[in-house]
Amino acid sequence: MVFSALPPELRSLCRRLTSAETDQLPALLPSLLKDLLRCQEPLSRPQEAKASEGSSESAVLVHKLKTRISALLNGRTTQGRFVGTALVKAAVETGGWECLRTSKSWVQGLLSVLQRKEPAVVGDLVIVTLIKIYTLLHAYPTLVREIVTPTLPTFATACLQILKSPVTSKAPKIPLSLVETIFEAFSTIVPLYPTTLRQFAAKIRTETRSYIAPTISDETIIPSSLQASSQRLAIRLHMTAVKGGDSTEWAKHLDGLIKTFHSTADQVFRAVQESWEPVSGNRSGHISLKVNFDEEPQGGSTSPDQLPPWKGIYAGSERMIGLLGFIEEYLRCRTKTVVTIPVSELLDVITRISSIMPPTLGKEKQQSVHMNAAVGREEKDELWTVFPDIQHAAMRLLLTIARRLGRNFVPVAQDSLEQLVRMFESCYHLSEVRTTMFILTHEILQLYGPTMAKLTVESLSLIIKSCCRDLLGSAGHLKRPKQGASSLHDGQKNKSVSQNADAFLNSNAEDESIAVSLSAEHIAAAETLLATLFSCVPQQHLPSSLRAHMLKTAILCRNRDSQVASVLHPSRDRNGRTPQVILPYLTQQFPRDESVEILRFNFRPLVTGTREDFMDVDDEQVEDEIEERPLTDGFSFDRPFEPALAFPSGLATTAMPAEAPASLVTRPPKVGVQAPNLFLPKSSETVITSEEHTTIVEQSAPSNLLKRKNENADTAVSKRIEVDSTTTTISSAPVPSASMTASNVAAPGHAPATNKGKAAASQEDRDSDEESDNESVHLNMELDSDPDSEDEDDDA
């Protein structure tokens, strides 16, 4: 179609570029770029093809457009060069190979603009355009030899010339945004053309040294984005090494960073008598040779291979934090070849930081840390001021190591978690520390959480409480802490301190909630950790009060993942019971959630366990429960009947009188046990003779509650009662002879009571027919009789 070959935007673009003044083009640039991006078909079509009149007109317009762009790029005005550079970038992105093969003149024009003293905005755009062309040309080796190889050294030289500091103080300094653009440009093309840029590697590394780990001792403030870009560039320079030596160069630079960190820590931590020892050897005499206590802590060097000098505790802490971030970037950046990560040396860095415990109010100084008497108090205060930031940097480094190693981090996961808990105790009041701690704990628990010991789980209590507190505070369920009405000092009131008069008033201020403002990343990390604590931590090792607090947090904060995880991983007590079941809360909060519906219809958690479940049961606790149980007939009307004590349908047991001792109370048979065989020899049976009748009780359903007819009745009865003969046969294990006294089984004069429901009773003379003992008892028989008549028969 003619319309597809020659879009109207191409004519409009050529007409406006020709008719408009150069000073007006920057205002028209957004619309010009939009029209140019819609001309992909004519720009990518080969110019030599001659198919129709429409295509020949398209070739003429494309040639006219390229000529106009070249004129603007080589023009005299800054506005024209700026517009021409932007149009060149859009043309090579739209036209593809057809525009790239003819882009050599544009590259030379862009290099000439870069070598001039143009404004920073023009320089940024020129560098970005050249990098875009070099990146697109990398896929075409022929074009690389024709365009990239001759022009890339000129580009590198021009960028290094811009980075040089001005000779005189009157000359304007280069903007930091332009420096960041140059660093990002080198970081992009170094992996693509390492051989061509090998000769510039040393100069580029020298230019990045003042931006890698800046301190307050420098004269300028370095943005974090510029620091990160300089670190990435310095790391990727190892790719410019000779063939086969890039991995060695990578390891060499990383080892130099670790040594620089330890030398800086020797100066910053000189106020502390460290008990840390490196993995590689002994550090005895190391501090005495390099630390001068008569001067301030200082380090660095003016050498091109070293980082700039610094002086003071604050500057030294910033250098340490910068070096830790630099090591993190080494682990994040990808390499072309396989490299060996020095895990032991990296963990040694974290161990040195975690081994220092700041002094706290609740502990003595000897229990926290040993200080150096040769260091003044001011330096010690400065050290404890900056130490939480150093600990946070160490946590971020450990997080990067865990993510980079993956499953290979399991051998050091337990030791790393112990170091984290130790550092977290002194800096958990910082929100950024808690965010990193939540993310890192989640990563570690996923690796080896199910195999954690009880002591390790209990050590996570502070992390768990901080997580729940942050979630409750963000959801508006955190109560205001109580305020004391007066402050006491040594048992007496301190009159010099002003007191809050509102504290004496009886107000409901304590019932109000505190609004806590946390970042979205912080809340997401806390929610993820809470769900991980339910799913990856052995629930039997969690204290019941702590798990209850976690469940409360999950319900109040409406955290679905945590509630689902708690249902799937229940906690059982020592008796095998599951007292905490929050499935009703979950279905009420998320009635239309698919995962909740699956749980509701397919998952049936047991509310309580059976009494015979002896798993994880403490013997001492079981004995205490048996002694505390009231010595009655086994039923209680003042509390619900326990399903675990109910008998299944079809089984009967003999109700023991209230006067029977506890030694003769026989545990009911377990569910599924077959009825005793009455045809066995008489020697395996125990016959208990009594003058009174005994009652046989059967429960129709375990879940029903027992009811009494008369509030003044002393004994409990069932709905169905059958009076058997006095001789009762108990099929069980042989009972000691001392416990088979007939007088201990049933007290004389004890008569069974009746229920207000229907009752069935049958009685026969035991001497008339002995075969009646072996007949089955029919419990479903119903006799219509009045309660009064039944009482008369019983009395008779």
Side-chain angles (χ1 to χ4, degrees), residues 7 9-40 42-44 47 58-137 143 146-148 150-152 154-155 157-159 161-162 175 177-178 181-182 184-185 188-189:
E9 290 85 0
L10 184 57
R11 294 194 188 95
S12 175
L13 181 61
C14 295
R15 182 175 61 254
R16 288 194 294 172
L17 285 176
T18 306
S19 60
E21 296 292 335
T22 306
D23 298 340
Q24 299 176 355
L25 289 178
L28 301 176
L29 186 58
S31 60
L32 294 176
L33 294 176
K34 182 181 66 175
D35 295 341
L36 182 58
L37 293 175
R38 295 179 179 178
C39 301
Q40 182 179 4
L43 289 176
S44 59
Q47 300 299 325
S58 174
V60 172
L61 291 175
V62 170
H63 179 71
K64 184 178 180 180
L65 174 62
K66 291 182 179 180
T67 304
R68 181 55 180 165
I69 292 176
S70 300
L72 292 173
L73 189 60
N74 299 321
R76 296 181 178 180
T77 61
T78 303
Q79 294 84 352
R81 291 191 290 269
F82 178 79
V83 175
T85 303
L87 293 175
V88 167
K89 183 176 181 296
V92 296
E93 291 177 348
T94 306
W97 180 84
E98 190 62 32
C99 289
L100 286 174
R101 72 179 184 87
T102 59
S103 62
K104 186 174 183 180
S105 59
W106 287 346
V107 171
Q108 293 176 351
L110 291 171
L111 290 175
S112 62
V113 174
L114 185 61
Q115 293 174 352
R116 298 178 182 178
K117 294 182 180 181
E118 295 288 349
V121 61
V122 179
D124 288 339
L125 186 57
V126 169
I127 294 173
V128 171
T129 304
L130 284 171
I131 294 302
K132 188 65 177 181
I133 295 175
Y134 290 149
T135 304
L136 296 175
L137 289 173
L143 298 180
E146 294 178 359
I147 302 175
V148 179
T151 60
L152 188 57
T154 307
F155 170 75
T157 304
C159 290
Q161 188 66 28
I162 296 174
S177 59
L178 183 57
T181 303
I182 294 175
E184 290 292 343
T188 304
I189 62 176

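Both backbone and side-chain heavy atoms feed into the values below; hydrogens, waters and symmetry mates do not. Numbers here are sequence positions counted from 1.
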Output the distance between atom [atom1] ([X]) and atom [atom2] ([Y]), rounded to the nearest 0.5 Å.
X      : Y      : atom1 : atom2 : result
Leu65  : Cys39  : CG    : SG    : 7.5 Å
Leu152 : Thr157 : CG    : OG1   : 9.5 Å
Ser105 : Leu73  : OG    : CG    : 8.5 Å
Leu125 : Leu114 : CG    : CG    : 11.5 Å
Ile182 : Ile162 : CD1   : CD1   : 4.5 Å
Leu137 : Leu143 : CG    : CG    : 5.5 Å

Quick one: do Tyr134 and Thr188 satisfy side-chain hydrogen bond (donor to acceptor under 3.5 Å, both in side chains)? Show the steps, please. CA-CA 10 Å; Tyr134 290 149; Thr188 304; over 6 Å; no
Do Val122 and Arg116 have side-chain heavy atoms sitting under 4.5 Å apart? no
Should Phe155 and Val107 count as side-chain neighbours, where that means a heavy-atom distance under 4.5 Å? no
What pair of heavy atoms forms the shortest contact from [X] to [Y], and how long is it?
X      : Y      : answer
Ile127 : Ala185 : CG2-CB, 3.6 Å
Ile147 : Ser103 : CD1-OG, 3.9 Å
Arg68  : Ala20  : NH2-O, 4.4 Å
Pro175 : Ala120 : CG-CB, 3.7 Å
Cys14  : Lys64  : CB-CD, 4.4 Å

Please answer whether the main-chain N or O of Cys99 pairs with a side-chain N or O of Thr102 as donor and acceptor at a distance below 3.5 Å. yes
Taking the side chain from Ser12 and the backbone from Glu9, do they hold a donor-acceptor pair closer than 3.5 Å? no
Test of understanding: with side chain to side chain contact (heavy atoms under 4.5 Å, CB included), list the residues that count as partners of Gln115, not counting sequence neighbours. Thr154, Ala158
Could you give the side-chain donor-acceptor pairs of residues 22-36 under 3.5 Å, partners two or more places apart or in another chain?
residue, atom, partner, partner atom, Å
Ser31, OG, Arg16, NH1, 3.1
Ser31, OG, Leu28, O, 2.9
Asp35, OD2, Arg16, NH2, 2.4

What verdict does the side-chain contact (heavy atoms from CB on, under 4.5 Å) test give for Leu110 and Ile133, after you've listed the backbone C-alpha separation in whole Å, the side-chain angles of each residue and the deciding distance to 0.1 Å? CA-CA 11 Å; Leu110 291 171; Ile133 295 175; 4.1 Å; yes
Do any side-chain atoms of residues 78-89 form donor-acceptor pairs under 3.5 angstrom with protein atoms, and if so which ones, sequence neighbours left out?
residue, atom, partner, partner atom, Å
Thr78, OG1, Arg81, NH2, 3.4
Arg81, NE, Glu118, OE2, 2.8
Arg81, NH1, Gly75, O, 2.9
Arg81, NH1, Arg76, O, 3.2
Arg81, NH2, Glu118, OE2, 2.8
Thr85, OG1, Arg81, O, 2.7
Lys89, NZ, Glu93, OE2, 2.7

